[in-house]
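Everything below concerns the one structure shown next.
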Amino acid sequence: MKLFGLLSKNSPPENDAQPNQYCGKNAGVWLRIALSFPAAYGLCYLWSLAGMTNATFSIMGIPVMAVVYLLLTLTGQNLSRLKDKAALRRRCLYAGIISLLFCIAMIMGYQLQTTGLTECGLKGKGLILFRSACLSIGFFPFWNLLFQAIENMVTRKTPSSENHKTWSPRAVFALGAVFVFVCLIPVWLAYYPIIMSYDFHRQVNEAAKGFAWFWPYQPIAHTWVIWLFLQLGIRLDNLEAGMAGMALFQMLVYALTTAYAASFLYRVTKRKWPVIAALMFFALFPLNSVMVICTTKDVLFSVLFLLFALLVAERFFFVQGRKLCALDALILLVGCVMTQFRNNAIYAVAVFGILWVILAGKREKLRVLLLCFLLIAGSRGTSVAIKAAIGTELEAPKVEMYSVPIQQFARVGYYHGEELDSEMWTLLNSCISAESWPEYNPPLADTVKSSGVEFPVTGEGHMKQFLTNWFTFAVRYPNEFLDAFLELTRGYWFPDDTSYAECLGYGLEGRMGIIYTYTSSEIENVGEIAHISKFPWLEEQLEKIVSANAFYQWPVLSVLFKSAFYFWSLCLIFTAFLYLGRRKQTLFCMLPLVYMATILLGPVVQLRYLFPVMLTLPLLFSLLILSDTNSST
């Protein structure tokens with residue numbers, strides 16, 4: 001770490017009799033100049049990708065280099081205060097790695113967004129790494145300050161109950177639940193009776209036809225919830241009232257769970273401002289409040305995911321002794337229900353369970369192994385039991401599991417179909433029909449999957465052939481395969497991406513921006529469930545945000561509306577746990593991280609898929625300041 005130590009050595013010598021000392025003290029100056037040049041190059045290259053013509057030729061490069069020099073000087077002075085060499089080495093290592101990864105994401109993201117592909121071949125990928133390394137020099141001072149802020153936050157003493165008036169966690173829960181629920185009422189009235197979008201049109205028709213028509217393409221448990229409130233509407237002879245009841249139900253469980261989260265935050269932090277900030281985020285942030293009124297399965301799943309995470313956190317950091325049995329039973333119950341609302345949830349729980357067993361303490365390993373086994377077996381058993389009870393014999397399509405490889409095959413066909421030899425053309429056509437190649441849409445796999453073409457490699461007994469074909473094309477077209485995956489996931493990791501909010505368009509007319517708020521509720525032989533706004537003015541204002549994407553024009557605040565903000569926040573918190581050496585927090589953070597990994601294999605980037613992560617972030621943030629002394633793992 002001598003490099004950053006030299007950055008702060010800029011004092012002139014006291015006399016001319018010490019030329020070696022003079023040269024040594026000016027070494028920091030020359031080093032900062034040497035580092036400022038590639039940093040300015042990296043920044044100018046990024047600006048050229050973003051649309052500034054010949055940014056490296058611009059005279060603005062000189063003040064950019066001067067600003068970088070100043071930042072490196074201040075960073076050197078900041079790092080020189082770390083007397084512990086191990087602490088200095090750790091700070092530079094973590095800040096440097098995350099700065100480099102962030103810059104790789106920025107450069108690759110802009111290349112994809114502007115040209116449709118990343119630089120090809122080993123030379124191209126080498127240039128990406130080189131330019132990212134240059135750019136990371138300019139970003140390093142900011143990441144260094146962020147890690148310093150994390151250190152300061154965790155070393156700050158927890159307020160003593162003797163020095164200030166404390167709140168009761170039960171009061172926080174009760175008042176928080178009321179506050180969140182009341183704040184959601186105007187949004188509910190604006191979109192009365194409920195936002196009937198996404199897959200609601202399919203599910204409500206299945207619910208109207210009866211249990212035998214429930215298709216596992218969407219979770220049967222969620223279709224049953226729709227059926228329940230549809231029956232309520234039929235009994236009341238008012239379908240809108242039934243759907244309004246569903247909205248109120250979602251609002252209630254959301255308010256209770258987020259209030260529990262706020263209470264947990266207060267027990268951890270002993271501070272009032274995190275509770276207030278969390279409740280404001282849960283209740284007033286438009287992406288949360290509008291999402292809660294949607295009929296998509298992701299609402300109930302996200303609430304259950306947050307509740308499951310809170311219960312696991314209780315087990316990790318608070319509950320011990322005899323209460324563990326009751327808590328484990330509750331974790332088992334909530335986990336089994338949660339996995340019924342997203343098909344990929346059981347995979348996330350399984351991987352997290354394996355990690356938990358591996359990292360559990362010797363005394364707890366057997367108990368944790370039993371809990372995780374019961375959780376996975378119970379989740380699977382619950383799914384089978386629900387399907388048997390419903391009586392449906394329909395099967396979920398396997399093609400949903402193959403979104404990424406289908407996009408990779410389609411991209412090869414789209415760009416290279418005409419130049420393929422007959423053997424490779426036939427092989428690619430057997431993986432994905434040539435009829436669907438023109439339908440390739442980089443950020444959305446559904447356009448290919450919904451083209452009406454069969455995908456024989458996704459059928460039973462074809463896995464070996466599928467893997468063989470996939471490997472054959474991956475070796476021959478590595479850049480296309482990599483870019484297909486990057487394009488499909490770009491909204492998660494590229495901070496300036498816009499495709500996540502407009503993959504099917506956006507605007508007040510179509511109502512398909514960052515959140516889909518259109519109404520699609522025609523029921524065969526029954527009629528339509530009407531959308532009757534009780535608060536048109538508020539609906540108009542919210543539509544500007546969630547359909548017209550008005551947040552594009554908001555400086556700084558627009559960051560909160562980016563899906564990449566939540567992805568990078570999750571990664572940063574996980575990195576902070578590693579940096580601070582918090583073993584239990586690091587393990588606990590694997591739960592949302594593993595879930596995040598499952599949605600990277602999904603068909604599109606949408607905010608609703610990230611909703612569980614969004615709700616869990618305040619909980620993870622609070623665990624930054626919790627000491628790693630209490631252990632039940």
Side-chain angles (χ1 to χ4, degrees), residues 105 109 112-113 116 195 197-203 217-219 222 287 290-291 294-299 301-302 341-345 347-348 396-411 414 432 436-453 455 458 481-507 510-518 520 546-547 549 561-567 595-614:
L112 289 170
Q113 189 158 275
I195 298 173
S197 56
Y198 298 107
D199 295 286
F200 179 75
H201 64 288
R202 180 189 296 117
Q203 290 179 275
Y217 182 81
Q218 295 298 325
H222 185 249
L287 296 186
V290 173
M291 181 61 70
C294 285
T295 51
T296 176
K297 60 184 178 293
D298 299 279
V299 175
F301 170 73
S302 299
F341 284 84
R342 275 210 69 89
N343 296 326
N344 60 325
Y347 303 110
K398 301 293 184 182
V399 70
E400 290 302 309
M401 301 172 57
Y402 295 86
S403 294
V404 172
I406 282 174
Q407 285 292 90
Q408 292 171 326
F409 287 133
R411 187 178 180 92
Y414 183 83
I432 174 172
S436 64
W437 298 352
E439 302 298 325
Y440 173 67
N441 183 9
L444 181 62
D446 287 344
T447 54
V448 175
K449 290 189 300 182
S450 62
S451 61
V453 176
F455 304 99
T458 66
F481 266 45
L482 175 61
D483 284 355
F485 174 73
L486 294 176
E487 283 279 38
L488 195 59
T489 60
R490 175 158 45 103
Y492 290 131
W493 50 265
F494 177 42
D496 285 347
D497 174 74
T498 56
S499 64
Y500 77 99
E502 52 188 57
C503 60
L504 289 178
Y506 68 98
R511 295 171 73 119
M512 296 176 70
I514 191 172
I515 297 178
Y516 297 170
T517 59
Y518 62 86
S520 181
V546 301
S547 290
N549 296 343
F561 292 81
K562 296 183 177 183
S563 56
F565 170 77
Y566 299 98
F567 171 80
Y595 167 75
M596 185 77 230
T598 65
I599 64 175
L600 288 176
L601 302 177
V604 66
V605 177
Q606 286 191 342
L607 187 86
R608 65 190 180 106
Y609 299 151
L610 267 175
F611 198 35
V613 175
M614 292 172 60

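Just so it is clear, the structure is predicted and the values come from calculations on it, not from any experiment.
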Exercise. Could you check V448 against N441 for side chain to side chain contact (heavy atoms under 4.5 Å, CB included), going step by step and ending with a plain yes or no?
Key: CA-CA 8 Å; V448 175; N441 183 9; over 6 Å; no

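- Atom CD in Q606 sits 5.5 Å away from atom SG in C503 (nearest 0.5 Å).
- Side-chain atoms of T295 come within 3.5 Å of backbone atoms of I195 as a donor-acceptor pair (strictly under, hydrogens ignored).
- Using a 4.5 Å heavy-atom threshold, the side chains of F481 and F409 count as touching.
- A heavy-atom distance below 4.5 Å is not found between the side chains of V546 and M291.
- Between the K297 side chain and the F341 main chain, no donor and acceptor come within less than 3.5 Å of each other.
- The distance from the CG atom of L607 to the CD1 atom of I515 is 5.5 Å, given to the nearest 0.5 Å.
- With a 4.5 Å cut-off on side-chain heavy atoms, Y506 and I514 do not count as touching.
- Shown here are the ring-ring contact (aromatic ring centres under 6.0 Å, His included) partners of Y516, two or more places apart in sequence or in another chain: Y198.
- A donor-acceptor contact closer than 3.5 angstrom is absent between the side chains of T517 and S197.
- For the ring-ring contact (aromatic ring centres under 6.0 Å, His included) test with F301, the passing option among Y595, Y609, F611 is Y595; the others fail.
- Minimum heavy-atom separation, Q203 to P219: NE2-O, 4.2 Å.
- In this structure, OG1 on T489 lies 9.5 Å from CG on D497, to the nearest 0.5 angstrom.
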Practice problem: Test side chain to side chain contact (heavy atoms under 4.5 Å, CB included) on V404 and Q407 and set out the steps. | Solution: CA-CA 5 Å; V404 172; Q407 285 292 90; 5.9 Å; no

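- Shown here are the salt bridge (Lys or Arg N to Asp or Glu O under 4.0 Å) partners of D298, two or more places apart in sequence or in another chain: R342, R608.
- Rounding to the nearest 0.5 angstrom, the gap separating the OG atom in S403 from the CG atom in L600 is 12.0 Å.
- Residues Y440 and Y414 place their aromatic rings such that the two centres sit under 6.0 Å apart.
- Counting heavy atoms from C-beta on, the side chains of M512 and E502 never come closer than 4.5 Å.
- How far CG of L112 is from CZ of R490: 6.0 Å, rounded to the nearest 0.5 Å.
- Between F200 and T296, the closest side-chain pair of non-hydrogen atoms is not below 4.5 Å.
- Between the D446 side chain and the P603 main chain, no donor and acceptor come within less than 3.5 Å of each other.
- Annotation: Y347, atom OH; neighbour count of heavy atoms from other residues, nucleotides and ligands within 6.0 Å does not exceed 12.
- Distance CZ/F567 to CG/L610: 9.5 Å, rounded to 0.5 Å.
- Using a 4.5 Å heavy-atom cutoff, the side chains of W493 and S563 are not in contact.
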